[in-house]
Amino acid sequence: MDAPASALYSPTFFLQHGRFSITALAVEVAASAPAPRIPRTKNQALSTKNFSTVMSDVRVRFAPSPTGFFHIGSARTALFNWLYARHTGGTFVLRIEDTDSVRNTPEALQALLDGMRWLGLDWDEGPEKGGEFGPYFQSERTGIYEDYLARLTAAGRTYEQDGAVFFKLLGERYVEFDKYKNAEIEKVRSEPVVVDDAVRGHVERVVDQDFVIRRSNGDFGFHFVNVVDDLAMKITHVIRGEDHLSNTARHIELYKAFGATPPVFAHIPLILKSDGRGKMSKRESGALIEEYVSRHFLAEAVRNYLCLLGWNPKDDREIMPIGEIIERFDFAGINKDGARFDEQKLAHMNTEYLRALPLETFTWMATPVLEAAGLVDEAADEDYVQAVLGLCQPKARSLETMPELVVPFFKEEIEIDPAAREKIFKKGDPTARLAELLPALENTTEWTEASLEAAFGAVAEANGQKPTMYFPIARLAVSGQGGGVPLFGLLAVLGRDRVLDRMKAFS
RNA sequence: GUCCCCAUCGUCUAGUCAGGUCUAGGACACUGGAUUUUCAUUCCAGCGACCGGGGUUCGAAUCCCCGUGGGGACGCCA
């Protein structure tokens, strides 16, 4: 944060260092939104326009298996691949590993594609998009696998056993008792495979057992199809979770058997549980993208947080427009150790993004949430809604909690919060204060924040009280709550009739 | 059990590759103040870490070794 004094107030400084650049984010979000007040759809695409990239030969892919929901770890892997493609001006391929026909359903695929779109991860080749290296569903690529298998067989690198096809390693064979498998296993003394990982550096591992590339039911195995597809689709960089690091040696053996040069591998750290042991599993709270969609998180915030889970720009920047992240994203900034998932920090980022939104956009996003809560309907006065939300935005923590904040504005029958009520009554009878307030408010000709504030001041003075004496009482009577939006904004927006009625009704 | 990867505040991390500027910086969380005459805003401060032990060196968070701890892989799952 050290900057020469002269640079302190330059726009550049703000853009590079300050939270001020959050305005740029807001603009970005706004730009991605359709015209204000059109109901927000779930799959609002996030704009990634407005930054220049140079085309390159880089080809990366995200290859999920659509077995249910969109896991946060998968999303982060997709995100890193996407970032790298956009950073290099390369191509981002989406390939669906749907070889397991039992677990893969159309709904699962839809959930995945929706999640990708929600996060703004657009793919250049893949489902619904096509491309010259298709098909992009593994279930439709059997012919290709047959061809590649034939090549391996022709080279004498396969054999059949129990109806399955095995990949045959090169090297001297011996039999050993394996404690883990609790059986005698045939092993191979093979040369260590070297992986020059873009994140982890030089890694060596020995593959000492032949492995299945085609199951006895005819399905091709993961290692085989993965390598064949990456080869056939001319993938140049494989960015995936560290759980695949030990598989990589096997994959490289296959590349070598095909006489091909392996792609660059980049193994990214795993996302670990918030507490407890091990990696984040789908059962963990907060593990699924769907959860953030349904809780009305801002996709930009989730994406920004995910970018920082395992990668960082090496300075103290955290909240950044996606264009800046794309510009700065590189393997050098990727960490090696697993990162625990911190929902609180995500929530904080979400709040920051929410507050930075232009009011129009904020209104456009919050309205459906209020509708879902039954507070607002089609007939609602748009100006009133926007006035209310204008009051709320600076105080809002999340869209999810907006309804409880705005209840007094949209429900005629307010409920008095017992705890807040008790706090007030402990300090003396509030109805006496209200009685002092009422005539003054009834006589207030103007109904603005300023005039109301003046009226409160006059009442306080006339009764020898501090104005603060009246504030919490008025708030409780009018909203039923002990906290919330600023008092005079509350009174002004609520309007004279409602305020007076509620004060009179309060007991 | 075997192999691979990793190791800085409670959490995410900067600093490590090219050892000194690190009495270790930032963010979240937490605690305490201030300001906002009310408030779920804002500001400030505090708390708080180099896993342990050996080396190498004038000097180590940074390099080496050994422990320990954490993570992952070892399927006819992907």
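Quantities reported herein were computed from a predicted structural model and do not represent experimental measurements. The chains referred to below are lettered A, B, ... by the order of the sequence lines, with proteins before strands, and numbering in each begins at 1.
Q344(A) comes within 4.0 angstrom of sugar-phosphate atoms only, judged by non-hydrogen atoms across all strands, and of no base. As judged by a 4.0 angstrom heavy-atom cut-off over every strand, K466(A) is placed among residues making no nucleic acid contact.
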Only pairs under 3.5 Å count here: list side-chain donor-acceptor contacts from residues 159-172 of chain A, not counting sequence neighbours, and write none if there are none.
| unit_1 | atom_1 | unit_2 | atom_2 | d |
| --- | --- | --- | --- | --- |
| Y159(A) | OH | D210(A) | OD2 | 2.6 |

Give the table of side-chain donor-acceptor pairs shorter than 3.5 Å for residues 485-492 of chain A, with sequence neighbours excluded, one pair per line with atom names and distance.
none

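Ring centroids of H251(A) and H223(A) are separated by less than 6.0 Å, placing the two rings close together.
The stretch residues 389-408 of chain A participates, sequence neighbours left out, in these salt bridge (charged side-chain N to carboxylate O under 4.0 Å, His left out) pairs: R295(A)-E400(A). The salt bridge (charged side-chain N to carboxylate O under 4.0 Å, His left out) contacts involving residues 463-481 of chain A comprise nothing, where partners must be two or more places apart or lie in separate chains.
Every residue two or more places apart in sequence or in another chain was checked for a salt bridge (charged side-chain N to carboxylate O under 4.0 Å, His left out) with E191(A), and none qualifies. In terms of the salt bridge (charged side-chain N to carboxylate O under 4.0 Å, His left out) criterion, residue partners of E176(A) (sequence neighbours excluded) are, by chain and number, K187(A). Annotation: side-chain hydrogen bond (donor to acceptor under 3.5 Å, both in side chains) contacts of R340(A) (sequence neighbours excluded): none. When the ring-ring contact (aromatic ring centres under 6.0 Å, His included) test is applied to W311(A), the partners found at least two apart in sequence or on another chain are F329(A). Residues passing the salt bridge (charged side-chain N to carboxylate O under 4.0 Å, His left out) test with R214(A), sequence neighbours excluded: E146(A).
Comparing A78(B), C76(B), C5(B) against the side chain of S65(A) picks out A78(B) as the nearest. Between A78(B), U11(B), A40(B), one nucleotide has an atom nearer to the side chain of R397(A) than all others, and that is A40(B). Side-chain proximity of E404(A) to C39(B), A40(B), A7(B): nearest is A40(B). With C76(B), C5(B), C39(B) as the candidates, the nucleotide lying closest to the side chain of R215(A) is C76(B).
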statement: Whether each nucleotide of nucleotides 44-49 of chain B has a protein heavy atom under 4.0 Å at its base (B), only at its sugar-phosphate (S) or at neither (-) is summarised, 5' to 3', as ------
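Look at CG on D417(A): it is 16 Å from C1' on U38(B), rounded to the nearest Å. Residue Y180(A) contributes atom OH, which lies 15 Å from atom P of C3(B) at whole-angstrom precision. Look at CG on L391(A): it is 17 Å from P on U38(B), rounded to the nearest Å. Rounded to whole Å, the distance from CG on D178(A) to P on C3(B) is 12 Å. The nearest whole Å value for the distance from the CZ atom in F341(A) to the P atom in U11(B) is 16 Å. Between H223(A) atom NE2 and A78(B) atom P the separation is 9 Å, expressed in whole Å. In this structure, R200(A) places its CZ atom 9 Å from P of C5(B), rounding to the nearest Å.
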Distances for protein N or O near nucleotides 15-25 of chain B N or O, under 3.5 Å:
| unit_1 | atom_1 | unit_2 | atom_2 | d |
| --- | --- | --- | --- | --- |
| G15(B) | OP2 | K314(A) | NZ | 3.3 |

Under-3.5 Å N/O pairs linking protein and nucleotides 69-73 of chain B:
| unit_1 | atom_1 | unit_2 | atom_2 | d |
| --- | --- | --- | --- | --- |
| G70(B) | OP1 | R277(A) | NH2 | 2.4 |
| G71(B) | OP1 | G278(A) | N | 3.1 |
| G71(B) | OP2 | R277(A) | NH1 | 3.3 |
| G72(B) | OP1 | K279(A) | N | 3.2 |
| A73(B) | O4' | S246(A) | OG | 3.0 |

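Taking the six-membered ring for Trp and thresholds of 30 and 60 degrees, F70(A) and F62(A) have ring planes inclined between 30 and 60 degrees apart.
Ion pairing between R303(A) and E300(A) fails under the 4.0 Å rule for side-chain N and carboxylate O.
Within the structure, a side-chain polar atom (N or O) of N335(A) is placed less than 4.0 Å from OP1 or OP2 of U13(B).
Here the separation of C17(B) from G67(B), taken at their C1' atoms, is 25 Å to the nearest Å.
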